[in-house]
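These notes are about the structure you will find just below.
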Amino acid sequence: MRLRMARGTQTQIPFRVAKNFFSEVTEVRSAHTGARHGLQLATAHGRQNTTKLEIPELRDFRDAFARFEKTPNGVVYEVYDAGTPKGDQIRGSLNDGFDDGSTQTSIRDVAKATWWRYI
């Protein structure tokens with residue numbers, strides 16, 4: 001997933017992803033630190049539209065890429081900045097998904113969108 005950051009370390013998980021992948025998930029755990037972070041529903045115009053998630057590791061990132069994995073002990077995430085080997089690997093996988101239609105975006109403007117792909 002390519003994350004779009006807001007308010008420092010906060011990202012928003014599009015409702016389509018939250019409804020599918022994060023269904024019945026209330027928190028995620030950092031693979032980097034082991035810290036747990038809660039998922040918070042957000043609304044706009046009286047409707048749920050996104051899920052907010054604080055990820056402290058994002059503080060100094062310029063273009064964040066994440067991998068979320070369901071495990072027997074819950075959802076674990078890893079985050080990497082663009083230009084790092086793992087960040088570029090995730091970006092490459094998402095770009096491959098644009099070619100075959102498996103990568104989706106939160107809005108039409110790809111430069112500003114959250115991107116995701118289920119693998």
Side-chain angles (χ1 to χ4, degrees):
M1 180 178 252
R2 177 185 184 225
L3 302 174
R4 303 312 308 148
M5 295 163 305
R7 297 181 186 98
T9 61
Q10 185 183 92
T11 189
Q12 295 182 350
I13 306 297
F15 194 56
R16 290 179 282 162
V17 178
K19 187 176 177 180
N20 293 312
F21 185 83
F22 292 100
S23 177
E24 300 184 31
V25 174
T26 60
E27 67 180 16
V28 295
R29 184 173 47 85
S30 170
H32 305 286
T33 67
R36 295 183 183 278
H37 306 286
L39 295 150
Q40 303 295 319
L41 289 177
T43 60
H45 310 290
R47 296 183 333 181
Q48 294 176 349
N49 70 334
T50 190
T51 299
K52 294 179 184 180
L53 175 60
E54 288 287 336
I55 300 179
E57 296 96 329
L58 297 179
R59 185 166 315 282
D60 297 319
F61 285 15
R62 60 182 174 80
D63 197 8
F65 291 87
R67 180 176 174 266
F68 292 92
E69 180 180 359
K70 288 186 177 178
T71 74
N73 297 319
V75 175
V76 176
Y77 73 86
E78 300 173 69
V79 290
Y80 302 97
D81 204 2
T84 64
K86 288 191 177 185
D88 289 346
Q89 181 182 32
I90 296 168
R91 178 198 295 256
S93 178
L94 290 165
N95 282 331
D96 291 346
F98 282 125
D99 293 339
D100 69 17
S102 61
T103 293
Q104 300 174 51
T105 61
S106 57
I107 58 175
R108 290 180 195 225
D109 184 346
V110 174
K112 295 180 180 179
T114 298
W115 310 348
W116 69 91
R117 180 179 181 198
Y118 301 108
I119 298 177

### Query
Of all residues at least two apart in sequence or in a different chain, which pass the ring pair (Phe, Tyr, Trp, His ring centres under 6.0 Å) check with Phe15?
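Listed in chain order: nothing, the list is empty.
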### Contacts of Asp63 that satisfy salt bridge (Lys or Arg N to Asp or Glu O under 4.0 Å) - sequence neighbours left out
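Checked Asp63 against salt bridge (Lys or Arg N to Asp or Glu O under 4.0 Å); matches are Arg2, Arg4, Arg91.
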### side-chain contact (heavy atoms from CB on, under 4.5 Å) involving Ala64 - partner list, sequence neighbours excluded
Leu3, Met5, Leu58, Phe61
### Summary
Residue pairs passing the salt bridge (charged side-chain N to carboxylate O under 4.0 Å, His left out) test with at least one member in residues 99-115, sequence neighbours excluded, are Asp100-Arg117
## Note on the structure
Heavy-atom nearest pair, Ser93 first then Thr103, reads O-OG1, 4.3 Å
### Query
What are the two closest non-hydrogen atoms of Thr105 and Ala113, and how far apart are they?
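The answer is CB-CB, 3.8 Å.
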Quick one: [atom1] on [X] to [atom2] on [Y], what's the gap to the nearest 0.5 Å?
X     : Y     : atom1 : atom2 : answer
Arg16 : Phe22 : CZ    : CZ    : 14.5 Å
Phe21 : Ile13 : CZ    : CD1   : 9.5 Å
Thr51 : Leu41 : OG1   : CG    : 5.0 Å
His37 : Thr11 : NE2   : OG1   : 12.5 Å
Gln10 : Lys52 : CD    : NZ    : 5.0 Å

### Query
Does Tyr80 sit in a hydrophobic cluster with other residues, and if so which ones, taking ILVMFWY side chains as linked at heavy-atom separations under 4.5 Å, directly or through other members?
Phe65, Ile90, Leu94, Phe98, Val110, Trp115
### Query
Quick one: side chain to side chain donor-acceptor pair (under 3.5 Å) partners of Asn73, sequence neighbours excluded?
none
### Task
Return the set of residues passing side chain to side chain donor-acceptor pair (under 3.5 Å) with Thr84 (not counting sequence neighbours), or none when no residue passes.
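Thr84 satisfies side chain to side chain donor-acceptor pair (under 3.5 Å) with no residue once adjacent residues are dropped.
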### Task
Please assess Asn20 against Tyr118 for the test side-chain contact (heavy atoms from CB on, under 4.5 Å), listing each intermediate value before the final yes or no.
CA-CA 10 Å; Asn20 293 312; Tyr118 301 108; 3.7 Å; yes
### Message
So does Arg62 get a backbone contact from the side chain of Asp81, meaning a donor-acceptor N/O pair under 3.5 Å?
### Response
yes
### Query
Can you hop from Val75 to Tyr77 via hydrophobic side chains spaced under 4.5 Å?
yes
### Message
Just checking Lys86: does its NZ atom have more than 12 heavy atoms from other residues, nucleotides or ligands closer to it than 6.0 angstrom?
### Response
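At most 12 heavy atoms, drawn from other residues, nucleotides or ligands, come within 6.0 Å of this atom.
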In a table with atom names and distances, give each donor-acceptor pair under 3.5 Å that connects a side chain of residues 24-31 to protein atoms at least two apart or in another chain.
residue: Glu27; atom: OE2; partner: Arg36; partner atom: NH1; Å: 3.4
residue: Ser30; atom: OG; partner: His32; partner atom: N; Å: 3.0
residue: Ser30; atom: OG; partner: Thr33; partner atom: N; Å: 3.1
residue: Ser30; atom: OG; partner: Thr33; partner atom: OG1; Å: 3.4
residue: Ser30; atom: OG; partner: Glu57; partner atom: OE2; Å: 2.5

